[in-house]
Structures are given as structure tokens and as C-alpha cells.
Asks: 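Once you've had a glance at the structure underneath, I'll fire off some questions.
Since this is a predicted model, take the numbers as computed values, not measurements. Position 1 is the first residue of the sequence; numbering continues from there.
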Amino acid sequence: MYSNYLRKYLLFTGAYGTYRNFYTSDTPYGPCNGRYILAINIGYGINVHPQFSPGGDHRILYVSSGTQDGITMYKVEFKY
């Protein structure tokens, strides 16, 4: 996704049951820089919901991840 706030493309990834990360890039096709860890051991998969970002600037993002017990939504706030 493109973040209007960071003026970067963001790639969100998850490792099977462990890390939830994102990477940044100046272009939609890379190269991706850095590894920013969002959470560890929170479930499986990662979904980003930019449509819920207040004002559409993507300074605040909502990210969801699930387990066999349900899905949890997390709030990610950038203070860049």
C-alpha cells in the first residue's frame, strides 16, 4: 500500500505464527528497505485496513491478525 503520511510504499508480511513486519520502498516494486517489527507471536496472517485510517493520511493504520480463537485488530500509529 502507499502511505500518504510516510510518502512511501509499505509491504506487510507475516512469518507463520511468529513475526508481523513491514518494509518501506520508494516504488511499488522495490527494493524494500529495513525490517520494522510490528508484533511477535500474535497469530497467523496479516491484513492491513487503510480504509479505516482517519483522514486518509495513513498516519494511523489498523492491522488484523488471527488465531483459531478469532481475529484481533491492532492500531499502528506512526510518529515520524
Side-chain angles (χ1 to χ4, degrees):
M1 67 162 282
Y2 184 77
S3 169
N4 294 320
Y5 180 72
L6 297 175
R7 295 185 178 148
K8 300 272 185 192
Y9 289 90
L10 306 178
L11 172 65
F12 290 82
T13 64
Y16 189 69
T18 55
Y19 292 102
R20 302 296 165 269
N21 309 306
F22 77 92
Y23 301 83
T24 64
S25 177
D26 292 327
T27 67
Y29 48 83
C32 292
N33 301 310
R35 174 184 177 214
Y36 302 93
I37 299 173
L38 291 173
I40 299 172
N41 298 326
I42 60 167
Y44 301 98
I46 186 168
N47 292 293
V48 184
H49 308 277
Q51 68 272 24
F52 299 141
S53 183
D57 69 354
H58 307 128
R59 185 180 69 80
I60 296 173
L61 288 174
Y62 291 91
V63 177
S64 62
S65 187
T67 67
Q68 62 194 20
D69 298 322
I71 297 173
T72 304
M73 186 81 79
Y74 300 91
K75 179 180 176 182
V76 177
E77 185 173 354
F78 295 105
K79 295 181 179 180
Y80 175 72

Asks: Which distance, rounded to the nearest 0.5 Å, do you find between the OG1 of Thr13 and the CG of Asn21?
Replies: 4.0 Å
Asks: Can you give me the closest heavy-atom contact between Ser53 and Ile60, atom names plus distance?
Replies: OG-O, 2.8 Å
Asks: Please list, chain by chain and in numerical order, all residues satisfying side chain to side chain donor-acceptor pair (under 3.5 Å) with Asn4, sequence neighbours excluded.
Replies: none
Asks: Are side-chain heavy atoms of Arg7 and Tyr2 found at a separation under 4.5 Å?
Replies: yes
Asks: With ring pair (Phe, Tyr, Trp, His ring centres under 6.0 Å) as the test, would you mind laying out the steps for Phe78 and Phe22 before giving the verdict?
Replies: CA-CA 13 Å; Phe78 295 105; Phe22 77 92; 5.6 Å; yes
Asks: Report yes or no: do Tyr23 and Met1 belong to one cluster of Ile/Leu/Val/Met/Phe/Trp/Tyr joined by side chain heavy-atom distances under 4.5 Å?
Replies: no
Asks: Is it possible for you to say whether Leu6 and Ile46 belong to one hydrophobic cluster, with membership spreading through side-chain heavy-atom contacts below 4.5 Å?
Replies: yes
Asks: If I compare all heavy atoms of Asp57 with all of Pro54, which pair ends up nearest, and what's the gap?
Replies: OD1-O, 3.5 Å
Asks: Please round to the nearest 0.5 Å and tell me the distance separating atom CZ of Phe52 and atom NE2 of His58.
Replies: 12.0 Å
Asks: Decide side-chain contact (heavy atoms from CB on, under 4.5 Å) for Gln51 and Tyr62; before the verdict, give the C-alpha distance in whole Å, the side-chain angles of both, and the deciding distance to 0.1 Å.
Replies: CA-CA 9 Å; Gln51 68 272 24; Tyr62 291 91; over 6 Å; no
Asks: Do the non-hydrogen side-chain atoms of Ser3 and Lys8 ever get within less than 4.5 Å of each other?
Replies: no
Asks: Please determine whether residues Tyr9 and Phe12 belong to a single hydrophobic cluster, defined as Ile, Leu, Val, Met, Phe, Trp and Tyr linked transitively by side-chain heavy-atom distances below 4.5 Å.
Replies: no
Asks: Working to the nearest 0.5 Å, report the span between CG of Asn33 and OG of Ser25.
Replies: 6.5 Å
Asks: Does the structure place the NZ or CZ of Arg35 under 6.0 Å from the centre of the six-membered ring of Tyr19, at an angle of no more than 45° from the ring's axis?
Replies: yes
Asks: Say whether Tyr36 and Leu10 are linked into one hydrophobic cluster, either directly or through other cluster members, by side-chain heavy-atom distances under 4.5 angstrom.
Replies: yes
Asks: Treat each ILVMFWY residue as a node, draw an edge where side-chain heavy atoms are under 4.5 Å apart, and state whether Leu38 and Leu61 are in one component.
Replies: yes
